[in-house]
Amino acid sequence: MRRQFWRLAAPAAAEGLLLMLLTATDLLMVSALGTTAVAAVSIFSQPRMVILCVTRSFSVALSAYVARQRGEQPDEPLTACARQSLVLGTMAAMLLLIVTWVGAVPLLRLAGTQESYMSLALEYARPALVSLFLSGPAIVLHGILAGLGDTRSVLWANVLGNLVNVCCNAVLIYGAGPIPSFGVRGAGVSTAIGTSVTLLYTLRLFMRPSHPAALRGKGCWLPQRTYMRALAPLTAGVFTEQAVERFGMFAFSRLVAGLGPGMLSVHNICGGLCDIYYCFSQGLGKASLVQAGNDLGTSRGSNLHRIVKISRRAALSTGVLAAVLYAAFRFPLLRLYHLQGSEGLLGGEIMLFVAVVSIPEALAMVNAGVLRGVGKTGFVAVYSLFSIAVVRPILTWMLVYPLGLGLHGAWIALVFDQITRALCAMTGAHCAAKRLQFSQG
């Protein structure tokens, strides 16, 4: 079972790690344009995550649904599921594109964008919104692939798109030969090009007749009542969790943005480095979700206790390793982003928080994956609501402003939030395993 966990986790974790390394490289390229350019690009990170929470919630719910279906009926084709999911994902992405395109300026102001770099932020945001539209159907289809246990294909699709993104960045940000320099607008256009490559590669996978969820074959394109009834509870729970997390993160970033573009740049650079391991741990969470869902479908959760133990050990071992690496190499990493002097020293201090938070965030991720796999998305949403949307913003405001701890206060609040979520998720996963074990006699 440990081997099966790592067979699922290794590609998913590698995907997250490589994607964030490429994203960090993206920000690294922009950093050569100055701290104002970094602020203009990075300020869109939280609006981006808010927009993505709709399709990502649907994708996670699909992973749990498909994993359970494959456990119960391994030979049943999933063509109808793939078709209906693609239609829903595309419609949702189109609606979000229209709304956010019209409201781009108010959205950026809400995120804390200052007038001094609003025009730069809009130059990046417009093409980035197009990339979010293209990523919608791709993310939905990736949820089906993850549920089937095919995390390797998700890895290749995303890595290919992001490599194209980085290559285009090198040309469009700085210019090359007859191609002029487009600055931050070039970074946004490159993101859209890379996302389109990811989508095309993913669609090509689903067009193969031999694929278990091939788009070719028999099955309705329009969402059916049975399909909606099965997915609605899972999607609602995951969406509540994702929406709560995005609201909390949005409020968190908004509070940090009030400290000025200099501190915001340091915060976002350190946050981007923190996200490298965070996305790696998301791969561990995907593996625990798929294993738990399959186990629930095949043996009604008889192996869930063992799955919890294996996933926790993986989270703890990789989390400790990440913490050591972050602490040891914090200054060389920050110098890559041209952080020097007082900003470099501040970044070095914040990177110690990045190191500490790696362990609880990994434990929270894998245990939440188990809970989602067995359908306990509502419980994850409840403790996320309390910790992310209530405790973290209030604690951040108190530490940053009344107590005057500045950026340090924001990261203290973040560490406290992750520890709270880890404890809640671990308790929930333990209780779910005990309950299923008791129900079997």
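Just so we're clear, the structure is a prediction, and the values are computed from it rather than from any experiment. The figures that follow rest on heavy atoms only: side chains count, while hydrogens, waters and symmetry mates do not.
Taking Arg254 as the reference, nothing meets the salt bridge (charged side-chain N to carboxylate O under 4.0 Å, His left out) condition, with sequence neighbours excluded.
A cation-pi arrangement, defined by a distance under 6.0 Å to the six-membered ring centre and an angle within 45 degrees of its axis, is absent between Arg392 and Phe416.
Paired with Leu346 under the rule side chain to side chain contact (heavy atoms under 4.5 Å, CB included), one option of His267, Met351, Met263 passes, and it is Met263.
Between atom CZ of residue Arg185 and atom CG of residue Leu122 there is a gap of 10.0 Å, rounded to the nearest 0.5 Å. In this structure, SG on Cys270 lies 6.0 Å from CH2 on Trp411, to the nearest 0.5 angstrom. Arg312 contributes atom CZ, which lies 14.0 Å from atom CG of Leu284 (distance to the nearest 0.5 angstrom). For the atom pair Phe44 CZ and Asn268 CG, the distance stands at 13.5 Å (nearest 0.5 Å).
Counting all heavy atoms, side chain and backbone alike, Phe5 lies closest to Ser311 at CE1-CB, 3.7 Å. The two residues Leu264 and Ala257 come nearest to each other via the heavy atoms CD1-CA, 4.1 Å. Pairing each heavy atom of Leu141 with each of Ala82, the nearest pair is CD2-O, 4.3 Å.
Using a 4.5 Å heavy-atom threshold, the side chains of Phe252 and Pro393 count as separate. Residues Ile269 and Val266 fail the side-chain proximity criterion, which asks for heavy atoms closer than 4.5 Å.
Without hydrogens or angle criteria, Ser135 side chain to Leu132 main chain gives a donor-acceptor distance under 3.5 Å. Under a 3.5 Å cut-off, the side chain of Ser387 and the backbone N or O of Tyr383 do not form any donor-acceptor pair.
Ring centers of Tyr277 and Phe280: under 6.0 Å apart, within the cut-off.
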Inset, instruction - Test side-chain hydrogen bond (donor to acceptor under 3.5 Å, both in side chains) on Asp417 and Thr420 and set out the steps. - result: CA-CA 5 Å; Asp417 163 51; Thr420 302; 5.9 Å; no
